Amino acid sequence: MALTNAIVAPRYGAALFEITAAEGTTQEVQSELHALDQVFNDNPGLMAALIGPELKLNLKQEIVGELTTGASPVVARLVQMTFNYGRIAALPAIVADFDERISADAGQITGTVTTAVPLSGAQADKLAAAVARRLGVEHAELNNVVDASVIGGVRVQAANYVIDGTVQHRIDQIRAELLTH
């Protein structure tokens, strides 16, 4: 079974967070990783060059060397290790997981709330407070996505949890129940 970025990223993110928290370098490493992430965003062909077969290994290694020039040892090791293990494409997901762990450690989470119609400011605040309480954090920041296909209700995705109270979800459950009996 091939490991996907969704499986690998939390492993690397957890290890990275544990190391940087112990060293007291979490914020510095986060800044470096965001800068590295920006390099990949500004150069869309860069990731493709590192994972594709077009370039020879020594040339790819030179690129990795350039990417890690001036980086802290932990960031340089992370980039080199993900490259060596064929996981460099997971780097953006690792950064996202690392960011989530930093937020969670600070008592904050970010997530997405999907509704059929836009939430008012008061509704969004009330829902964010309820999600924070439910997940045991101080603050939840939820981005509202409007999707008419949910018909009604709310689906919240935050901190690896999905709370689906949409009408469409309930219809899907009833359909599955009818088909199994």
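None of the values given here were measured: they were computed from a predicted structure.
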* To do: Check step by step if side-chain contact (heavy atoms from CB on, under 4.5 Å) holds for V150 and R155.
  => CA-CA 8 Å; V150 301; R155 179 177 51 239; 4.1 Å; yes
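- Rounding to the nearest 0.5 Å gives a distance of 7.0 Å between CG of L91 and CG of D37.
- D147 is linked by a salt bridge (Lys or Arg N to Asp or Glu O under 4.0 Å) to nothing, counting only residues two or more places apart in sequence or in another chain.
- Residues M81 and F40 share a hydrophobic cluster, clusters being chains of Ile/Leu/Val/Met/Phe/Trp/Tyr side chains in contact below 4.5 Å.
- No chain of hydrophobic side-chain contacts below 4.5 Å, direct or via other Ile, Leu, Val, Met, Phe, Trp or Tyr residues, connects Y161 to V145.
- Rounded to the nearest 0.5 Å, atoms CG (D125) and CG (L142) are 10.0 Å apart.
- For Q27, the side chain to side chain contact (heavy atoms under 4.5 Å, CB included) partners two or more places apart in sequence, or in a different chain, are Q30, I102.
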Please tabulate, for side-chain N and O atoms in residues 7-21, each donor-acceptor pair with protein atoms closer than 3.5 Å (sequence neighbours left out).
| unit_1 | atom_1 | unit_2 | atom_2 | d |
| --- | --- | --- | --- | --- |
| T20 | OG1 | L16 | O | 3.0 |
| T20 | OG1 | F17 | O | 3.2 |
| T20 | OG1 | T26 | OG1 | 3.3 |

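- With T25 contributing its side chain and E28 its backbone, the two residues share no donor-acceptor pair below 3.5 Å.
- In this view, I171 and I151, V167, Q168, R175 satisfy the side chain to side chain contact (heavy atoms under 4.5 Å, CB included) rule, not counting sequence neighbours.
- The side chain to side chain donor-acceptor pair (under 3.5 Å) test applied to R133 returns no partner, not counting sequence neighbours.
- Of all heavy-atom pairs spanning V162 and Q157, the tightest one is CG2-CG, 3.9 Å.
- Taking the side chain to side chain contact (heavy atoms under 4.5 Å, CB included) definition, one finds that Q38 meets it with N41, D42, sequence neighbours left out.
- For D105, there are no salt bridge (Lys or Arg N to Asp or Glu O under 4.0 Å) partners at least two apart in sequence or on another chain.
- For E32 (side chain) and S72 (main-chain N/O), a donor-acceptor pair under 3.5 Å exists by modelled atom type.
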Show every donor-acceptor pair shorter than 3.5 Å between a side-chain atom in residues 109-121 and any protein atom, with sequence neighbours excluded, or say none if there are none.
| unit_1 | atom_1 | unit_2 | atom_2 | d |
| --- | --- | --- | --- | --- |
| T115 | OG1 | V117 | O | 2.5 |
| T115 | OG1 | N144 | ND2 | 3.1 |
| S120 | OG | Q123 | N | 3.1 |
| S120 | OG | Q123 | OE1 | 3.3 |

* Start with the C-alpha distance between Q61 and V64, add both sets of side-chain angles, then the distance that settles side-chain contact (heavy atoms from CB on, under 4.5 Å), and finish with yes or no. => CA-CA 5 Å; Q61 190 58 58; V64 170; 4.1 Å; yes
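- Within 6.0 Å of the CD atom in Q173, the count of heavy atoms belonging to other residues, nucleotides or ligands exceeds 12.
- Rounded to the nearest 0.5 angstrom, Q80 CD and L67 CG are separated by 10.5 Å.
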* **side-chain contact (heavy atoms from CB on, under 4.5 Å) assessment of V156 paired with D164** => CA-CA 6 Å; V156 177; D164 198 337; over 6 Å; no
* Check the pair V95 / H34 against side-chain contact (heavy atoms from CB on, under 4.5 Å), numbers first and verdict last. => CA-CA 8 Å; V95 173; H34 285 184; 3.8 Å; yes
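- S103 pairs by the side chain to side chain donor-acceptor pair (under 3.5 Å) definition with nothing, not counting sequence neighbours.
- Residues satisfying the side chain to side chain donor-acceptor pair (under 3.5 Å) criterion with T68, sequence neighbours excluded, are absent altogether.
- By the side chain to side chain donor-acceptor pair (under 3.5 Å) test, N143 is found to be paired with no residue, residues two or more places apart in sequence or in another chain being considered.
- Connection of I63 to V39 is established within a shared hydrophobic cluster, with ILVMFWY side chains joined at heavy-atom distances below 4.5 Å, either directly or through further cluster members.
- Residues that satisfy the side chain to side chain contact (heavy atoms under 4.5 Å, CB included) test with L59, not counting sequence neighbours, are L55, E62.
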